[in-house]
Peer 1: 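Here it is, the structure in full.
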Amino acid sequence: MSPAVNHWTFGIAPVVLAKTRPGATGVRWPFTSGRAREALSFCACGSTTIMAVEFDGGVVIGADSRTTTGAYIANRVTDKLTPIHDRIFCCRSGSAADTQAIADAVSYQLGFHSIELDEPPLVQTAANLFKQMCYRYREELMAGIIVAGWDKRRGGQVYTVPMGGMLVRQPVSVGGSGSSYIYGFIDSKYKSGMTKEECLRFTADALALAMERDGSSGGVVRLAAITESGLERSVILGNQLPTFFSA
Amino acid sequence: NNENDDDHDGFQPVLFVSLCRNTLLEANVAKLGCSLPPARKTGTTICGVVYKDGVVLGADTRATEGMVVADKNCSKIHYISPNIYCCGAGTAADTEMTTQLISSNLELHSLSTNRLPRVATANRMLKQMLFRYQGYIGAALVLGGVDCNGPHLYSIYPHGSTDKLPYVTMGSGSLAAMAVFEDRFKPNMEEEEAKQLVRDAIAAGIFNDLGSGSNIDLCVITKGKVDYLRPHDEANKKGVRTGDYKYKHGTTGVLTKQVTTLQLEVMDESVQTMDTS
């Protein structure tokens, strides 16, 4: 056995991975005959729109609810806002399998760390755990994650960990394939010092616009507001979405 | 290299020792003049539904090897634990072995905790194993059961992602089955209504998808009881032949007959008794 097959490459030589990994070659129709894998394949930045906004006292996070395998919507009511700890959430975009596995691993590590500390963990800690995993396994993973939450030291924080494993804190962050369509909207409409309700409206509007234009995003809008006192989750169904001009 | 420290970080890698041999075989197959055996796949329609008292799982019974039906009546609803069953689509060997492995581990876990196993536990074990193998284990599963927290239904994809939903379909016939579900699913259905819905969804797969066929198996799981209905509906019974190509003796007239006995000598006779005690 070649000594180069180290345990941290999952035991699979990079050449084999590059040939069969679905992301690079585009989406693949599922369940076809032959050796095609029933892959949960996504386009390069993940078929999703996710968003997070800081406000004084907490954060607002939002996501669409569509998971696709090729052109088929495997789950039209996905919950992409995953709790990592009581006051820390992550928004997942990219490969569903990769992000679910990473989120499970980080929840475990963070829970362990929190018990050791006997204190609620910092959002920055959670973000760094995501970054370490996403950076170390950057060649194997396809995951764009936004970590957001509240802690006592710095209040509401949003950290973005895009594909490749960068970590940066931002007051507002968007991700996923649908994010490209709303950068202009975000840049023009965001102002610092918004209240929680304004942030919720802003996020819902942005996600609705992205879902309107991006074929890989859709379904319902899931929102969550995380503050010191707790968590408020809400769902905006398809017929209740904010409407804009349509030709 | 301090990579060994992170064995408890939740990421467990794996080594593929046969990978070198297999890639060599695949590369040289043209020279050898034969073709690799196609994996037996369960083309398949599988689905599950959560109803008032529990879950109903359904599956067709056709297993294909390329374009040929290898098994007309295979069983795709696998036992995981007394209260949890799992339907499998994809490569037949992979679904069989994976479900058996998790069933075994779950039984040990259940004996260790002294409790009835939970569906979420089975889901975790399956997704972590499939993710470890990065999609190379072609097993797409519908996992359903009833535990202390009520009825649960999960769909599990070969790469290790899972969805927890009130109704799911998987396999090549999943689109046909999902169409039936999206039309007629209601929350908190009665048992007969749920069984009819699942039966119709699998039937849609059987009759509209080439990879699915034969009969419909159902598994109804409620608190404390499991009804494994195999077959629930023989939708494709083999027809009865109306004619016969055998001809009676005497149909062809005999003109001459010559009998030649073969000269055989008995050379040696030995008797060996078998111990049948």
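Here is how names work: the chains are called A, B, and so on, in the same order as the sequence lines, proteins then strands, and each is numbered from 1.
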Peer 1: Taking all heavy atoms of B/Ser161 and all of A/Ala97, pick out the closest pair and write down the distance.
Peer 2: CB-N, 3.4 Å

Peer 1: Against chain B, label A/Arg92 side chain, backbone, both or neither, depending on which of its atoms sit under 4.5 Å from a heavy atom there.
Peer 2: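 No part of it gets close to chain B.
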
Peer 1: Mind checking the CG-OG1 spacing from B/Asp163 to A/Thr78? Nearest 0.5 Å is all I need.
Peer 2: 6.0 Å

Peer 1: Flag yes if more than 12 heavy atoms outside B/Arg184 fall under 6.0 Å of its CZ atom; otherwise flag no.
Peer 2: yes

Peer 1: I need the A/Thr69 OG1 to B/Tyr157 OH distance, nearest 0.5 Å.
Peer 2: 5.5 Å

Peer 1: Please list all pairs meeting side-chain hydrogen bond (donor to acceptor under 3.5 Å, both in side chains) that have one or both residues in residues 123-135 of chain A, counting only residues at least two apart or in different chains.
Peer 2: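 Only A/Gln124-A/Arg154 qualify under side-chain hydrogen bond (donor to acceptor under 3.5 Å, both in side chains).
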
Peer 1: Looking only at heavy atoms, which two atoms of B/Ser174 and A/Tyr72 are closest? And how far apart?
Peer 2: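 Looking at all heavy atoms of both residues, the closest pair is O-OH, 4.3 Å.
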
Peer 1: Does A/Arg233 have more than 12 heavy atoms from other residues, nucleotides or ligands lying within 6.0 Å of its CZ?
Peer 2: yes

Peer 1: If you look only at pairs with a residue in residues 99-118 of chain A, which of them pass as a salt bridge (Lys or Arg N to Asp or Glu O under 4.0 Å), with sequence neighbours excluded?
Peer 2: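 Found A/Asp104-B/Arg124, A/Asp104-B/Lys127.
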
Peer 1: How about CZ on B/Arg118, more than 12 heavy atoms from neighbouring residues, nucleotides or ligands closer than 6.0 Å, or not?
Peer 2: no

Peer 1: Please tell me if the side chains of A/Gln100 and B/His159 come closer than 4.5 Å, counting only heavy atoms from C-beta onward.
Peer 2: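 No, every pair of side-chain atoms sits at 4.5 Å or beyond.
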
Peer 1: Using non-hydrogen atoms only, which part of B/Thr169 is less than 4.5 Å away from chain A: side chain, backbone, both, or neither?
Peer 2: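 The side chain, not the backbone.
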
Peer 1: Please report the interatomic distance CG(A/Asn75) to NZ(B/Lys164), rounded to the nearest 0.5 Å.
Peer 2: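 Here the interatomic distance stands at 12.0 Å.
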
Peer 1: Looking at B/Glu96, I want to see if its CD is surrounded by more than 12 non-hydrogen atoms of other residues, nucleotides or ligands under 6.0 Å.
Peer 2: yes

